[in-house]
Amino acid sequence: MTMTELETKPAPAIDHALLARLTGALGDRATLAKLCSEFGDLYTEFLPDIFHSETGLTMEVAYAGHETGLMSELIADLGDNVVLADTQLRNWSPHFVLACGNSFIITLMENLLGALPETIEEPIHRPLSRIELDLSSMVFDKIANVLRSGVNAAGGFEPLIDRPHNAEDRPKPESDHVDQFAATIKMRIDLGTVSSEFYLVVPQKALLKTVVTVPKSKNQMSRNKKEWAEQIAEQVRRSQVTLQAKIRLETLTLNTIARLAAGDVIPFRDKGDVTVDVSANGKEMYRCEFGRAGEHYTVRIKDNISSEDEILKHLMG
């Protein structure tokens, strides 16, 4: 081999895992297991009391083990029945992920709306609604603040939590994305008869530098029940809801309906003022009159079919 060939031959790329281990971004099995279990102890000790003091609900939290691997793969392994939020905590980790089983959020919503715990069944697997996503952001706030209280992040900064999203809406990593080695800390959470899990997916680089400590006072992380209820109500009132308007048409025979074609006209059933029923998520809320303002067709509210409390409870469900 000539000197020219030696000079132009590219240097072999260093193994990703080896580089991570050399730079403190990949730990050994025993160290990671110990750190993850310490996080488990922290949440088992504090999270039930926080929820109970703010909602009056009794729940059980227990450590459910951990997984290690590349961060994107660990997130994908959580499945499609979870809600996720990208999070950062200054002086600890610029990016980690909080996740929670959808069944816990749905069950929590039902409890907060006054359903008896013994009547609540295991929810079906489905994405969360917009209002349930609002509730999940409050749940993640509690989870993130327990973490903040127990890790050695200097400065006392608040966690920054992005808007939660359903797993199906999570964007794919960029093509040039460099994956990190991470660990998933798994926590079981039981509310009534429904058992679910929440997760922290944390880069090992942050985890390996962490000293987990138990705060002196649980009360430092709690607000009162009234403030929690007011916060939920405010979240609901700010949520966007799609309304549907239904107008009754004149009755027709099946023979006539079968022969309808483009250009045919079906009259409204009402003569004079046309009555319109306005609903959201299948719940009728207002009885209105059909009209027009300029270029826009409109409805004018005549009667409230449901009370404000009934509307809020239905939309939150």
Side-chain angles (χ1 to χ4, degrees), residues 39-40 43 47-48 50-51 54-55 57 59-62 64-67 71-89 93 95-113 115 120-148 158-173 182-192 194-203 228 231-236 238-242 281 315-317:
F39 272 94
Y43 279 103
L47 199 60
I50 290 173
F51 273 107
E54 298 184 8
T55 68
L57 299 174
M59 59 187 67
E60 296 182 4
V61 174
H66 75 285
E67 301 286 343
M71 192 164 189
S72 61
E73 295 176 357
L74 291 173
I75 294 171
D77 288 344
L78 299 179
D80 58 1
N81 195 43
V82 296
V83 57
L84 307 109
D86 293 293
T87 311
Q88 58 178 299
L89 178 58
S93 176
H95 178 239
F96 59 101
V97 175
L98 301 177
C100 184
N102 289 353
S103 58
F104 174 73
I105 304 298
I106 295 169
T107 303
L108 178 61
M109 178 71 81
E110 291 189 50
N111 275 274
L112 293 174
L113 293 176
I120 299 175
E121 299 180 351
E122 183 74 32
I124 62 171
H125 286 203
R126 64 168 177 82
L128 297 185
S129 67
R130 184 175 296 171
I131 297 176
E132 288 165 342
L133 288 173
D134 287 340
L135 177 59
S136 72
S137 69
M138 299 165 67
V139 171
F140 285 143
D141 178 69
K142 309 307 170 193
I143 294 173
N145 275 290
V146 170
L147 179 146
R148 178 180 69 93
E158 294 289 331
L160 299 178
I161 308 172
D162 288 354
R163 167 78 180 170
H165 55 274
N166 287 300
E168 63 183 25
D169 298 324
R170 186 168 184 81
K172 301 294 183 184
T184 300
I185 301 166
K186 301 188 293 184
M187 301 296 303
R188 194 188 78 246
I189 186 164
D190 297 335
L191 180 56
V194 177
S195 182
S196 187
E197 287 189 336
F198 69 88
Y199 313 90
L200 293 86
V201 186
V202 182
W228 169 269
Q231 190 177 1
I232 291 175
E234 180 61 25
Q235 287 276 9
V236 170
R238 289 206 309 263
S239 297
Q240 300 290 324
V241 177
T242 300
N281 296 349
L315 294 178
M316 286 191 291

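Note that these values count all heavy atoms, side chains included, but never hydrogens, waters or copies made by symmetry. For this chain, numbers begin at 1 and follow the sequence in order.
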Handout entry: Passing candidate, side-chain contact (heavy atoms from CB on, under 4.5 Å) with Leu84, options Asn166, Val97, Asp169
Key = Val97
Handout entry: Contacts of Phe198 that satisfy ring-ring contact (aromatic ring centres under 6.0 Å, His included) - sequence neighbours left out
Key = Tyr43
Exercise for the section: Rounded to the nearest 0.5 Å, what's the gap from CD1 on Ile161 to CZ on Phe140? Could you check? Expected result: 8.0 Å
Practice task
Taking all non-hydrogen atoms of both residues into account, name the closest pair between Ile50 and Lys142 and its distance.
Solution key: CG2-CD, 4.3 Å
Problem - Spatial distance of atom CE (Met187) from atom CD1 (Ile143) [nearest 0.5 Å] - result: 9.5 Å
Problem - Least distance between heavy atoms, Phe96 atom then Met71 atom - result: CA-CE, 3.9 Å
Exercise for the section: Please list, chain by chain and in numerical order, all residues satisfying salt bridge (charged side-chain N to carboxylate O under 4.0 Å, His left out) with Glu110, sequence neighbours excluded. Expected result: none
Practice task
Check side-chain contact (heavy atoms from CB on, under 4.5 Å) between Ser196 and all other residues, then give those that pass, not counting sequence neighbours.
Solution key: Ser103, Phe104, Ile189
Problem - Full working for side-chain contact (heavy atoms from CB on, under 4.5 Å) between Arg163 and Leu133 - result: CA-CA 8 Å; Arg163 167 78 180 170; Leu133 288 173; 3.7 Å; yes
Problem - Any residue meeting side-chain contact (heavy atoms from CB on, under 4.5 Å) with Asp190, in chain and number order, not counting sequence neighbours - result: Glu60, Arg188, Ser195
Using atom types as modelled, flag every donor-acceptor pair under 3.5 Å from a side chain in residues 73-82 to any protein atom, sequence neighbours excluded.
unit_1 : atom_1 : unit_2 : atom_2 : d
Asn81  : OD1    : Asn102 : ND2    : 3.4
Asn81  : OD1    : Arg126 : N      : 3.4

Exercise for the section: Any chance you could measure Thr87, atom OG1, to Leu147, atom CG, to the nearest 0.5 Å? Expected result: 9.0 Å
Handout entry: Asp162 CG to Gln88 CD distance, which is reported to the nearest 0.5 Å
Key = 7.5 Å
Practice task
Please check if atom CD in Glu121 has more than 12 non-hydrogen atoms from other residues, nucleotides or ligands closer than 6.0 Å.
Solution key: no
Exercise for the section: Nearest 0.5 Å please: distance from the OG atom of Ser136 over to the CG atom of Asp134. Expected result: 7.5 Å
Handout entry: Test side-chain hydrogen bond (donor to acceptor under 3.5 Å, both in side chains) applied to His95 - qualifying residues, sequence neighbours left out
Key = Asp86
Handout entry: Distance in Å, His66 NE2 paired with Ile185 CD1, rounded so as to fall on 0.5 Å steps
Key = 9.0 Å
Handout entry: Glu158: side-chain contact (heavy atoms from CB on, under 4.5 Å) partners, not counting sequence neighbours
Key = Asn145, Arg148
Practice task
Using side-chain contact (heavy atoms from CB on, under 4.5 Å) as the criterion, list what pairs up with Leu57, not counting sequence neighbours.
Solution key: Thr55, Leu108, Asn111, Leu112, Leu191
Fill in the blank from the handout: Sequence neighbours excluded, the answer for side-chain hydrogen bond (donor to acceptor under 3.5 Å, both in side chains) partners of Glu197 is Tyr199
Handout entry: pair Phe51-Val139: side-chain heavy atoms closer than 4.5 Å
Key = yes
